[in-house]
Amino acid sequence: MPSVGASLFWIVACAVVAPLLAGLFPRKLVPEVVLLLVAGIVIGPHVFDLAIEGSEIELLRDLGLGLLFLLAGYEIDTAEITGRGGRRALLTWLVSLALAFAVVTLLSLVHVVDAGTAVAIAMTSTALGTLLPILRDAGALDTRLGRTILNHGAFGELGPVVAMAVLLGSRGSVASIVVLGLFTAAAVLVAFIPARVRREGSRITAIIRSGSETTSQTTVRLTMLLLVALTVLAASFGLDTILGAFAAGFILRRATPEGDETLETKLDGLAFGFLIPIFFVTSGMAIDVAAVASEPGVLIAFVLLILLVRAGPVYFAGRFDRGADGTDPPFTGRERTQLALYAGTGLPLIVAVTGVAVDSGDMTSANASVLVAAGAITVLLFPLAASLLASGPEPSADTASPRGDQNPGSRQ
């Protein structure tokens, strides 16, 4: 059995090789995260057995997952998700959830689907954290289409997390809703602390600012404290830690409403340079290739169901999108297809939902591997198809100024 040290070496080696291989493809059409997943499969216990996921590596994996969702929460503009586009995105997700439950109910009647609730929730997810580097590399974050993707992605991550807490929690639905409310209240209370400290201009604030560019790295340390504190708080409430990480991103954005390019660059280095690749490689290691190969029909069916349940409603909702003020031209058919494909891209939450279902005994590890593999296929094919559509000759209906050649670490 490989040692933890040897396992970490192979995982980090995969993290180095993946972007080099991605650069060999024209216009980076194959996302780096897909190569990280494939590399994890290759070095994992189901193929060459070069690496295992011990408790030490699992801790790094959890930190990577937490940073992935923190950065996703940080990208969300509160004004956007509470405005016209955000309300439409929320309604669209609720339609997706209702459609998902209708589909799994029909499939359960013919004994095709077990753990129907978990499968339904998984089908409604959008991997916003996974899409961020893809959209950033494509220069799409500051466009109208990019902002619409962020809206759908926000509810495609937050909605399934809340649904997991309510429908898959061990306390029961009513108790889970009460606990979720208590956690939300606690997170909101924490969110007001940075604003008050910033207004008072205290000595502590001055020390934090001055230490941010020294070996103290105070802002990075405070960010990590916020992440760990809220994930621990979520876990203590019996909620998924993803919810705490997502809330930490929201709070960090509130603490720096104008953005902090220096802090963002440092977090990008820590997250995308080390911890997030570990999450994706270890996710690939958990995929049982033999189990996936034995159920090709289930694999294809789940990918198609994601297109129906998640991408379909988003495509339809795009017909009525007229921008934040309702005066923009409608999205073209090509742009609606891009929007739907991006929204249908899922993986981290599929990993989380299937993990909960396996731990509770409602789903086998083999079935979970098939669902995770289907999520990996959406990460490979859907953004790739959307990128190919974007490169076509049809002019975009989005008149917003393009992002252009900017620092990959810069944000809204």
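Residues: numbered from 1 along the sequence shown.
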Q.
Return the OG1 to CG distance between T378 and L381, rounded to the nearest 0.5 Å.
A. 8.0 Å
Q. Rounded to the nearest 0.5 Å, how far does CG of D260 lie from OG1 of T223?
A. 8.5 Å
Q. Stepwise, does the side-chain contact (heavy atoms from CB on, under 4.5 Å) test hold for F9 with C14?
A. CA-CA 9 Å; F9 166 79; C14 292; over 6 Å; no
Q.
Is the shortest side-chain heavy-atom distance between Y315 and T337 below 4.5 Å?
A. yes
Q) Side chains of M224 and L270: does their closest heavy-atom pair fall under 4.5 Å? A) yes
Q) Would you say L71 and D268 make side-chain contact, with heavy atoms under 4.5 Å? A) yes
Q: Return the minimal non-hydrogen interatomic distance between F302 and A374, and the atom names on each side.
A: CD2-CB, 3.2 Å
Q.
Could you measure the distance from the OG1 atom of T143 to the CG atom of L150? Nearest 0.5 Å is fine.
A. 9.0 Å
Q. Got a second to check how far L35's CG is from L21's CG, nearest 0.5 Å?
A. 6.0 Å
**Q.** Exercise: identify the closest heavy-atom pair between P277 and F272
**A.** CG-O, 3.3 Å
Q. Within the side chain of S125, is there an N or O that forms a donor-acceptor pair under 3.5 Å with the backbone of L349?
A. no
Q. Is there a donor-acceptor contact under 3.5 Å from the side chain of T345 to the main chain of L341?
A. yes
Q | Cation-pi, F331 ring and R144 (6.0 angstrom, 45 degrees) | A | yes
Q: Report the C-alpha distance between L252 and L267 in whole Å, list the side-chain angles of each, state the deciding distance to 0.1 Å, and finish with yes or no for side-chain contact (heavy atoms from CB on, under 4.5 Å).
A: CA-CA 12 Å; L252 183 62; L267 291 178; 4.0 Å; yes
Q) Hey, does the side chain of R310 reach the backbone of G346 with a donor-acceptor pair shorter than 3.5 angstrom? A) no
(Q) I'd like to know if the side chain of E75 reaches the main chain of A72, judged simply by a donor and an acceptor atom lying under 3.5 Å from each other, with no hydrogens or angles considered. (A) no
Q) Does any N or O in the side chain of E157 come within less than 3.5 Å of the main-chain N or O of L128, such that one atom is a donor and the other an acceptor? A) yes
(Q) Walk me through whether F48 and V42 qualify under side-chain contact (heavy atoms from CB on, under 4.5 Å). (A) CA-CA 6 Å; F48 288 117; V42 172; 3.5 Å; yes
Q | Residue pair T231 / L243, side-chain heavy-atom distance below 4.5 Å | A | no
Q) Say you draw a straight line from CG of D359 to CG of D362; how long is it, rounded to the nearest 0.5 Å? A) 10.5 Å
Q: Taking all non-hydrogen atoms of both residues into account, name the closest pair between T354 and A368 and its distance.
A: CB-CB, 3.9 Å
Q) Any side-chain heavy atom of L37 sitting closer than 4.5 Å to one from V281? A) no
Q.
Using 0.5 Å steps for rounding, measure from the CG atom of D321 to the OG1 atom of T148.
A. 4.5 Å
Q) Are E264 and Y74 side-chain neighbours, meaning at least one heavy-atom pair lies under 4.5 Å? A) yes
Q. Does the side chain of L263 reach to within under 4.5 Å of the side chain of S212, using non-hydrogen atoms?
A. no
Q.
For T126 versus A343, what's the shortest heavy-atom pair and its separation?
A. OG1-O, 2.6 Å
Q: Would you check if the side chain of S369 reaches a backbone N or O of I287 as a donor-acceptor pair within less than 3.5 Å?
A: no
Q) Looking at T82 and R87, what are the two nearest heavy atoms and their distance? A) O-NH1, 3.1 Å
Q) Can any side-chain N or O of R322 pair as donor or acceptor with the backbone N or O of P329 at less than 3.5 Å? A) no
Q: Determine yes or no for a side-chain-to-main-chain donor-acceptor pair under 3.5 angstrom, with W93 supplying the side chain and T124 the backbone.
A: yes
Q.
Whether E213 and K266 form a salt bridge (side-chain N of Lys/Arg under 4.0 Å from carboxylate O of Asp/Glu) is what I want to check.
A. yes
**Q.** Flag side-chain contact, heavy atom, 4.5 Å: T117 against V104
**A.** no
(Q) Using every non-hydrogen atom in the two residues, find where L371 and I350 come nearest and quote the distance to one decimal. (A) O-CG2, 3.6 Å
Q.
Before you tell me yes or no, could you show the steps for T364 and V358 under side-chain contact (heavy atoms from CB on, under 4.5 Å), namely the whole-Å CA-CA distance, both residues' side-chain angles and the distance that decides it to 0.1 Å?
A. CA-CA 6 Å; T364 65; V358 170; over 6 Å; no
(Q) A cation-pi test, strictly: NZ or CZ of R61 under 6.0 Å from the centre of the six-membered ring of F279 and no more than 45 degrees from its axis. Yes or no? (A) no
(Q) Looking at I52, is its backbone amide N or carbonyl O close enough to the side chain of S7 to form a donor-acceptor pair, meaning the two atoms are under 3.5 Å apart? (A) yes
